[in-house]
Amino acid sequence: MHFSSPTSSSPQNPISNPTNSLSTNNVLLLPSNTTSKMSFIIPNNNTNNNNNNSSQQQQQIISTPTSGLTTSINSNGINSISNVSLSSGQTTQQRLSFPQRTTSQSQQIPQEEFAKILRVLQENNMTESVEIFKKEYQSLFNKTTSSFSEPYFTALDGYISYVQEQPDTSRHEFSQLIYPLFVHMYLDLVEKDHAQEAQDFFKNYVQNTNLQATVFAAHKDDLFRIKSLVTKELIAQSEYVKSFRHNGRYWIKLCNASLELLDQFLIKQQKYPLLTKIVQAYFQLEINDGSARNAETQRLLSGGRLGEIKTEDNTNRMYYGLLRDHDLTRILQHKAILSSSTGADNEDGVGDDQPSTSKNRKKLKKDFFNQRQSKASLKVDPNAPQLTRIPIPELREHERMDLINTFQEDYSRMLKITPDNLPSCCYYTLLNGYLEINCLEVSEDSTLLAVGCKNSSIYVYSLNRRKLITMKLPSELERLDKSNEHIYEQMMTNDDSKDNTNQNNDSDILYNQRLLCGHTGPIYGLSMSREKWFLLSCSEDYTIRLWSLLTWSCLITFRGHTQPVFDVQFGPFGHYFASCSLDKTARLWCIEHAQTLRIYTDGCNDIETLCFHPNSNYIATSSSDRILKIWDLLESKEGQQMKPIRQMSGHKLNVCILKFSKDGRYLISAGYDRQIMIWDCSNGSLVTCLLGHSDAIFSMDLSRDGSILCTGSADFSIRIWNFGQLIKDKDDGKLDTLQRVTPSAKYELVTYRTKRTSTTLIHFTRRNLLLGFGVFIPPNDSTTKATKT
Amino acid sequence: MTIQFSVESIEYLAEKLSDCRYLCDESLVYLTLQISATISNLLQDACKVLRKCRRNDLTTEDFAFALKLNHLEPMYGGYTTSSIERLLFHKIKKDNRILYHITDNIVQVDELIIPQSKIPLDIIHWLAVNGKQPEINENPIIDIPIRSTVLKKKLNKTSHIISKEQQIYYKELTEMCICPNEQKRKQALLILSADNSLQQILSRLVLFISEGVRVNLTPTSTFDRSIILKYLMQMSDALLQNEELYLERYLHYLLPAILSCLLERRISRDHWSLRDLAAKCCKQIIRKYATAINCLQQRTIDVFYRILSKNNEDYTWPTRYGAFIGLCEMSHKVIIQIVFPLIKQLGEQIQSISDIELSQKITETVVKYVTIAYRSVYNDKETNEKKLYEDFGSYFAPLIQHNLILLL
């Protein structure tokens, strides 16, 4: 069996016809679209298997004499009579002469001998020797059966020592293979009904401190899962194995030199046929251009269940630009009409101190609106998607008014956060809610707080002192004059007669609250639309409900998911929303239809959180295989399965929260592994990784001007990061890309600590005041008491 | 996260639940493996909810969720919804075995009928204003971070100013602590052990204790000072019990004061209990603040050891008693490693004391501590008499042996 050397598939000489090479060789060479990359797969045909089997048997023959049969008996035979050592010698000879028998047969032969020797010993009345001999036999007996796992041990040990021999500069490249090899070997052992040996195998390598620190560090989560797979049946059922073995190949990126060496070791030498077999069946190697990557970079990007991400998967174009012309221009148009009719009266509200966002600049020049528009249409962001790519409904009248007010009232007075001018933080602590409150959501204008509880109810609170408004009854609505310009205000009730029960609580900070009942299971996710009309909730009862925040009732129940729904989020312009669930799908919905618009399936992994792109063209999801995926909302071609447009691996534990940066270019993710990772959407590469928190990160928000990142964690702290500076440094090339982990001190501005509240929601108001929300965690008295006594 | 049930417990359950008396060993082992793996899988599923809800404590509902997800028969009852007390697993530790359980109280029907109107109440406060966290009760006390060393230096130079309210608070508190009224004093001690706003006046409180000890220990004072010393020790004990306070920066005042009370030369009325209390405080300080870097434990042990190991009559017996009890309070490990070798010699010396009351008291204490420590190491029921005599000499060995038998 030969593997054609990589030189034949070098960029200068690509093999054009893959089938040709298949027929001529056992080796299949598949040149991918770009010639610089190469993948090799070797089919497991019969001849190959036979070869492997025979060599395995050979190895068994070799391994039996070393199993310590003769030596241990002889050493113990000192205090027994010579008779014994002689007969034990016979057993070894017999074992050697029947090496090809199955284990059950070979067990019987020494058993006969064992009985004989035992009889001889008992006849001579040597009780001590009998004891020792029995013990010795027992240990040997175990050893003989364990010979099945012997090739596994030798192969992996061999590979590990091979890795150790490599020079420091490229050793990490080879060590990438250890973890997947280990897992496949373990699963093999269990599947072949050698549970005990499999456990020994597992313990032997996992408890190796050296390996623990290097190879297994990124996969701790999965190792627990693997450990509980102790029988064949469990493996067959396990979702983990499904996603590890049958969801694709384990993807490894190597440099050219390393690949040649590896090819030499695995294919040419064939020292450990077992390794070759596993690599051929389950691995895919990709060549990186140039020299070996930095060990630190590789460590950061590892952690995905199936290794790294195929470079090819991230090559499709993603329109990450913002829809600048969408709603804003229309607002301006509206404003222009207004100002032309009433005269330029509210010019004064727009001062010089406002941040220089393009929005405001546009606003300043509203008198030259027509020229401006033509200019704006010329200066289209090349990365922005077309307006019609994903149809978005027109804004309603009141939304337009709201937006205009927003810009005048809030954005013009927005606080600029700098290292000298750090944000103030107002903190809402929810008491009596630990283990009861599952999720929190705050409205875009920071006036409403929604709380999803375990007992399937949803509470909505007003955070300012205003009462929650309610729409009038239909009979009253009919009586209204529809031509009135204050029609929206008149539609709402003014009398507080209904809320008399809450009058007593006037002194209370929670001025008003509402209870929404309907779900039949714990609530896991909430999302409020921008105009505060709708609230979405998802629950364990497989449904998503749309609630009206004007009539305080459920409008639609969206059914479709077949497992508990874990997250739901409105698109940035409302209308669309996305949900994700334990049924391994993310779905796109529209509030006007009860049916699913798109289904994004993710093989064998639960999808845990999601996030909409600010231009409403993409959604990002994180799944239980710790890989982030970005999906396109645009329909794929007929019959084709939805494929993620970007995939990112690097998190070592589950991801809790995802956010796109305000300009839509960067995706920020954080989770249980305490890393805040910043990804560039344009090519799916890692910008940097911020470290600083000492526990899981639960919440994250960006300031309204997009320059400050704020994270809340289970270590009872909120950290503020200078995101704008980081991106600026990155663009200037000052960011050290070799050392992708950025020390926290460089960009961390300040840390705020809470007492016993882990911040589960963090939110910047329109004026850049920071709001933190968290459930107070009562100190666990019982355990402390128990330890004291 | 490794879950492994013992074969015995599975066997017991199999017998109990389904009357399978004659399960062979092989099937039992298989059953154990299966059950361990199934439970482990279920827990992994339960953790999905745990992670989603951003919690740290697993509840029974989470497990019920996992059962539902795997289409297994759901749990009936065992749901914990109302009080937090009942929600959490409690820990019992006995004989190095840990058991978790839920306290299952009897619930009145009325409580169930009345809808649980436990509205999550929220409290608003300023966590930070312009980048600084105000020092209010809702915010945690922040240890000065290492980064701002410049700031720290500045702080040292300027005198620490406390507000008028805090000054009054300090005055009232200290007066209450040393007043003869028993009830008032208890109240004050309760405040000391629970109030977390004390951090601001902590430095003064510690100074109060240390100065108080210094003044009252000088031979010039005429009236009975041990009572004041006792009050001061009670104060420091209460301060040490307060979990929210950081005493670390004031230890150089507090610890010498406590050690002075523990090792004082002279004998006053009721000095035994004073020493006992001081030893307790000393133990707490070491438990809480001893690290490998500050060598607190090592240094304290050195002090005690020097006193105990000297043969000549440099130190009075009460002082030696203090050193001894200080060592014994630390841990079993200290007793075994340091006290055990000293006992033989101590026994010989005690026999030469003329004061019967004194020797009795010391003997009692020594025997008490040594027996407990001894029991913790040699847990076998038969005590080796010869070894006891070898280790502890002819004076203590019979007493210890007697006590060991009593402990059984």
Side-chain angles (χ1 to χ4, degrees), chain A residues 195 224-225 227-231 234 421-439 451 454-455 459 461 509-510 513 522 524 540 563-564 566 582 606 608 654 656 672 698 714 716 718 745 750 752-755 758 760 770 772 775 777-778 780 782-783 786-787, chain B residues 1-3 30 33-34 36-41 43-45 47-49 51-57 59 61 65 68-69 80-81 84-85 87-93 98 103 116 118-133 137-142 145 147 196 243:
Chain A
F224 285 126
R225 230 161 256 152
K227 205 180 176 190
S228 64
L229 301 171
V230 286
T231 58
L234 284 170
N421 186 17
L422 292 166
S424 301
C425 178
C426 185
Y427 205 89
Y428 291 79
T429 313
L430 294 138
L431 299 176
N432 303 328
Y434 186 58
L435 307 186
E436 292 289 331
I437 293 173
N438 280 359
C439 55
V451 178
K454 194 169 69 176
N455 62 8
Y459 291 92
Y461 298 110
I509 303 155
L510 288 173
Q513 70 169 45
Y524 291 132
E540 194 191 288
Q563 289 287 340
F566 256 21
L582 288 188
D606 306 330
E608 287 165 347
N654 298 54
C656 284
Y672 275 89
F698 289 152
F716 305 144
I718 294 172
V750 71
Y752 299 148
R753 291 191 183 281
T754 58
K755 235 175 189 176
S758 54
T760 44
L770 191 60
V775 183
I777 301 170
N780 198 345
S782 55
T783 49
T787 47
Chain B
M1 267 277 292
T2 48
I3 295 133
Y30 181 77
L33 264 180
Q34 279 285 336
S36 301
T38 312
I39 297 284
S40 164
N41 266 335
L43 282 177
Q44 276 163 20
D45 282 340
C47 281
K48 284 179 187 169
V49 186
R51 281 197 295 261
K52 181 70 214 171
C53 300
R54 283 90 164 98
R55 283 192 258 117
N56 294 325
D57 303 283
T59 61
E61 275 90 344
F65 168 88
K68 226 190 276 176
L69 208 63
T80 44
T81 41
I84 289 193
E85 292 277 310
L87 275 169
L88 301 169
F89 286 92
H90 290 231
K91 189 170 154 190
I92 298 176
K93 198 175 174 188
I98 300 169
T103 42
Q116 291 162 355
K118 258 193 26 187
I119 300 145
L121 182 83
D122 67 354
I123 287 180
I124 313 175
H125 74 273
W126 285 103
L127 186 73
V129 178
N130 294 330
K132 281 199 189 88
Q133 286 191 265
N137 222 355
E138 283 87 354
N139 282 339
I141 302 144
I142 301 152
R147 253 198 297 172
N196 50 16
E243 299 281 337

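Because the structure is a prediction, the values reported are computed rather than measured. Chain identifiers are assigned alphabetically (A, B, ...) following the order of the sequence lines, protein sequences preceding nucleic acid strands; residue numbering begins at 1 within each chain.
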In terms of heavy-atom pairs under 4.5 Å with chain A, the winner among B/N41, B/L69, B/I39 is B/L69
Let's test your reading of the structure: which of B/K132, B/R55, B/K68 forms the most heavy-atom pairs below 4.5 Å with chain A? B/R55
Drop me the distance from [X]'s [atom1] to [Y]'s [atom2], to the nearest 0.5 angstrom.
X: A/N421; Y: B/N130; atom1: CG; atom2: CG; value: 6.5 Å
X: A/T231; Y: B/Q34; atom1: OG1; atom2: CD; value: 4.0 Å
X: A/F566; Y: B/C53; atom1: CZ; atom2: SG; value: 7.0 Å

Between chain B and each of [options], count heavy-atom pairs under 4.5 Å; write down the option with the most.
options: A/V230, A/I718, A/L234, A/N654; answer: A/N654
options: A/L770, A/L229, A/T754; answer: A/T754
options: A/V775, A/L582, A/I777, A/T760; answer: A/L582
options: A/C656, A/C439, A/P522; answer: A/C656

Work out which heavy atom in [X] is nearest to a heavy atom in [Y]; give both atom names and the distance.
X: B/A37; Y: A/S228; value: CB-O, 3.2 Å
X: B/W126; Y: A/S424; value: CZ3-CB, 4.0 Å
X: B/R54; Y: A/Y672; value: CA-OH, 4.3 Å
X: A/R225; Y: B/Q44; value: CG-OE1, 3.1 Å
X: A/R753; Y: B/L127; value: O-CD1, 3.4 Å

With a 4.5 angstrom heavy-atom cut-off, is it the side chain or the backbone of A/N438 that approaches chain B, or both, or neither?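 Both backbone and side chain of A/N438 come within 4.5 Å of chain B.
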A/Q563, part contacting chain B, at a heavy-atom distance under 4.5 Å: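 Just its side chain gets close to chain B.
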Residue B/K48 versus chain A: region with a heavy atom under 4.5 Å: both
In terms of relative ring orientation, are B/F65 and A/Y524 parallel, tilted or perpendicular, with 30° and 60° separating the classes? perpendicular
